[in-house]
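For reference, the structure is listed below as C-alpha cells.
Note that this is a predicted model, so its numbers are computed, not measured.
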Amino acid sequence: MKKMPKLRVSGKAIAYKNGVMKVPDHLIIPFIIGDGVGPDIWKASQPVFDVAVAQAYQGRRKVFWKEIFAGEKAFKKIGKWLPQETLEAIRDFHLTIKGPLTTPVGGGIRSINVQLRQALELYACIRPVKYLKGVPSPLKKPQDVDMIIFRENMEDVYAGIEWQRGSREAAKLRSFLKKTLGVEIAQDSGIGLKPISESNTKRLVRRAIQYAVDHHRQSVTIVHKGNIMKFTEGAFCEWGYQLAREEFSDQTITEQELNEKFSGRCPSDKVIIKDRIADAMFQQVLLRPSEYQVIATPNLNGDYLSDAVAAEVGGLGMAPGANIGDHCAVFEATHGTAPKYAGKDKVNPGSLILSGAMMFDYLGWTSAGELIRKGMQKTILDKIVTYDLARQMKGAKEVSCSGFGKAVTQNICKLKK
C-alpha cells in the first residue's frame, strides 16, 4: 500500500487553549479538491479566498493551502477512499474545506461524507440559507429567506445501521423481533435502525440556541416527526425543550409563554423556542419564511429541508454548508459531483465560495467573509452568472465556472478601492 506524501507548508495550525480556538495570522488550511466538478469549482474559488484575505488584512493575515486527499484522487494515489492520514490531518489542523465526493447509490463504498462526520465527531451540519438580491427564485418575496439550519449529523438513519435484504443478519433480526417483541417484518425487507439519543440531541440544540442568542435571532424552531415516531423524533423535540429550560432559561421563552405572558410580542432579550411537524414545515418555509430564523432538526429532516430551502434562493449552487464539532470543522460544497459536467468549467462555484466565506466567519476573519459575500452579490447584480442562473435571468451574461470566480475577485478588489 502506498503512503500519502508528506507536504511541507509554511504557516501554523489552529490551536486550542482551555477549549478556546486560537487562530494564527499565518494559517494553514487543508483542502480536498473533490470528485467530478470538484477541480473546476476549487480552481474558481481559491483565488476568491486569497484575494478576500489579502484585501481585508493587507498582508497581516494569510492562508497557506495544504492539499489532502479523499475520494477518487485518494483511491488512485494510495488505494483508499478516505485515508487515515487525511483524518489525522483534519484533526491536527482542526478544519478543512472540500469539494463534493463520490457516493455510490445502492452499493459500493459507504458515503465518504458520512464517514468524515462520524470519524471526526462533526455532530452539527450547519446550512445558512440567505437570499442574494438578483438571484432568480420561485418565491414572491425571496428576500424573506434568511435561515440557518442545524442538522444533527451522527444519528437517525444516517448512522448507517442497516442490513441487506436476504442477509443472515436481516434474517436474525427479523426472527428476534418476531419472537421477542411480536413485530413482523416482511421476509424480503432490508432493515435499518434509527437511533436518536438525548446526548446528541442536546448538544445539537445547544449549538443552535447559542447561535440564536449570539446573533440576535428571534427564534429557534425544532423540526421533527414526533407525531408518528414518538420515541425518536418526538423525544428529539422533548429533549430540545428540556435543554432550553435547563441551560437557557433566562434567554428563551416558549410560544405558549409568548402568548400567555407577553401577548404575542417577544421581548428583545428573548429567543422563542418553538416546534413544527416536519411535513408542515415544508409548507411553512414556502409560505411564511420570515417566521423562521434558526432550525434544529434530526438528520434526515435536515437533509431534505436544507435542500428545499436552498431552492428558494437559487439552488444548491448558492448554498454554503459546514459540518462542525467541538474542535473540528469541515466546510464544503453542498451539491454533488455532477460527473457529466466534470472538466467542462461550467458549473456554479457559488456553494464552495460561500462556504469559504462561512469558514472565515468561523475563524473570526469576518472581514474576509463579508468581502466574499459582497463580491458575490455585486457579480450577481451585474448579471454575470453561470448557466444555471443565466437561463432564468433576462439579460444575463453567461460565464464559465472560472469566469464567475474571476468576476467575483475583481469585484472584491473594487469594493476595497
Side-chain angles (χ1 to χ4, degrees), residues 14 21 23 25 27 29-32 34 38 41-58 61-63 65 94-100 124-135 145-150 211 214-215 217 294 306 309-310 313-324 329-335 347-382 384-386 389 401-402 404-416:
I14 291 170
M21 183 171 64
V23 181
D25 285 340
L27 175 64
I29 299 180
F31 68 96
I32 298 169
I41 62 173
W42 179 255
K43 185 179 179 181
S45 301
Q46 184 184 337
V48 175
F49 305 150
D50 289 335
V51 166
V53 171
Q55 292 291 88
Y57 304 111
Q58 298 296 306
R61 288 175 170 168
K62 186 175 181 180
V63 172
W65 301 103
H94 301 287
L95 86 163
T96 192
I97 185 167
K98 71 176 197 63
C125 178
I126 303 177
R127 295 277 292 273
V129 186
K130 184 175 182 179
Y131 179 69
L132 291 180
K133 190 175 180 181
V135 173
V145 180
D146 185 4
M147 306 178 205
I148 182 161
I149 298 170
F150 286 76
Y211 179 92
D214 292 343
H215 294 83
R217 295 288 184 127
V294 179
S306 56
V309 179
V313 299
L316 288 177
M318 299 298 297
N323 300 284
I324 298 178
V330 175
F331 297 83
E332 63 182 354
T334 57
H335 53 74
V347 300
N348 186 349
S351 177
L352 189 62
I353 291 173
L354 290 171
S355 293
M358 186 182 177
M359 177 182 69
F360 289 125
D361 290 344
Y362 171 82
L363 294 169
W365 296 14
T366 53
S367 295
E370 189 60 25
L371 276 178
I372 291 170
R373 283 184 285 270
K374 287 181 177 179
M376 282 271 292
Q377 178 65 92
K378 180 65 167 63
T379 305
I380 290 165
L381 288 176
D382 290 342
I384 299 172
V385 292
T386 47
L389 300 182
C401 175
S402 58
F404 182 79
K406 184 177 180 180
V408 174
T409 60
Q410 290 172 341
N411 281 321
I412 290 172
C413 293
K414 292 175 185 176
L415 288 166
K416 289 298 291 182

Check your understanding: Is Ser351 reaching over with its side chain to a backbone N or O of Thr334, donor-acceptor style, under 3.5 angstrom?
Key -> yes

Point to revise | Ring geometry between Trp65 and Phe49 (parallel below 30°, tilted from 30 to 60°, perpendicular above 60°) | key: tilted

Exercise for review: Decide side-chain contact (heavy atoms from CB on, under 4.5 Å) for Leu27 and Lys62; before the verdict, give the C-alpha distance in whole Å, the side-chain angles of both, and the deciding distance to 0.1 Å.
Suggested key: CA-CA 6 Å; Leu27 175 64; Lys62 186 175 181 180; over 6 Å; no

**Study point:** Ala329 to Ile324 - nearest heavy-atom pair and separation
**Key:** CB-CG1, 3.8 Å

Point to revise | Backbone N/O of Ile384 and side chain of Asp382: donor-acceptor pair under 3.5 Å | key: no

Practice item. Walk me through it: do Ile97 and Leu95 pass the test side-chain contact (heavy atoms from CB on, under 4.5 Å)? Key: CA-CA 7 Å; Ile97 185 167; Leu95 86 163; over 6 Å; no

Study note, to complete from the structure: The side chain to side chain donor-acceptor pair (under 3.5 Å) partners of Gln377 (sequence neighbours excluded) come to none

Exercise for review: Taking all heavy atoms of Gln55 and all of Leu371, pick out the closest pair and write down the distance.
Suggested key: CB-CD1, 4.0 Å

**Study point:** Contact check, side chains of Val313 and Lys130, non-hydrogen atoms, under 4.5 Å
**Key:** no

Practice item. Show the numbers, then the answer: is there a side-chain contact (heavy atoms from CB on, under 4.5 Å) between Ile149 and Ile126? Key: CA-CA 6 Å; Ile149 298 170; Ile126 303 177; over 6 Å; no

**Study point:** Gap between atom CD of Glu332 and atom CG of Asn323 - 0.5 Å precision
**Key:** 4.5 Å

Can you give the donor-acceptor pairs under 3.5 Å from side chains of residues 358-366 to other protein atoms, not counting sequence neighbours?
| unit_1 | atom_1 | unit_2 | atom_2 | d |
| --- | --- | --- | --- | --- |
| Asp361 | OD1 | Arg373 | NH2 | 3.2 |
| Asp361 | OD2 | Arg373 | NH1 | 3.0 |
| Asp361 | OD2 | Arg373 | NH2 | 2.8 |

Study note, to complete from the structure: All heavy atoms of Ser306 vs all of Arg127, minimum pair found to be OG-NH1, 3.3 Å

Exercise for review: Examine distances only and state if a side-chain atom of Tyr131 and a backbone atom of Val135 form a donor-acceptor pair shorter than 3.5 Å.
Suggested key: yes

**Study point:** Distance-minimising heavy-atom pair for Ala310 and Leu316
**Key:** CB-CD2, 4.0 Å

Revision key, fill the gap. Between the CE atom in Met318 and the NE2 atom in His335, the distance rounded to the nearest 0.5 Å is 11.5 Å

Check your understanding: Any idea which heavy atoms bring Thr96 and Pro30 closest together, and the distance?
Key -> OG1-O, 2.8 Å

Exercise for review: Please tell me if the side chains of Arg217 and Tyr211 come closer than 4.5 Å, counting only heavy atoms from C-beta onward.
Suggested key: yes

**Study point:** Nearest-0.5 Å distance, NZ of residue Lys378 to NZ of residue Lys414
**Key:** 5.5 Å

Check your understanding: So, does Ser355 use its side chain to make a donor-acceptor pair with the main chain of Gly321 at under 3.5 Å?
Key -> yes

Check your understanding: Between Ser367 and Ala56, is there a donor-acceptor pair closer than 3.5 Å when you use the side chain of the first and the backbone of the second?
Key -> no

Check your understanding: Looking at residues at least two apart in the chain, or sitting in another chain, which of them share a salt bridge (Lys or Arg N to Asp or Glu O under 4.0 Å) with Arg61?
Key -> Asp25

Study note, to complete from the structure: With Asn348 as partner, the option from Ile353, Ile41, Thr386, Val385 fulfilling side chain to side chain contact (heavy atoms under 4.5 Å, CB included) is Thr386

Review point. Could you go step by step and tell me if Trp42 and Leu352 meet the side-chain contact (heavy atoms from CB on, under 4.5 Å) rule?
Key: CA-CA 8 Å; Trp42 179 255; Leu352 189 62; 3.8 Å; yes

Practice item. Might you point out which heavy atoms bring Ile372 and Val408 nearest each other, and give the distance in Å? Key: O-CG1, 4.5 Å

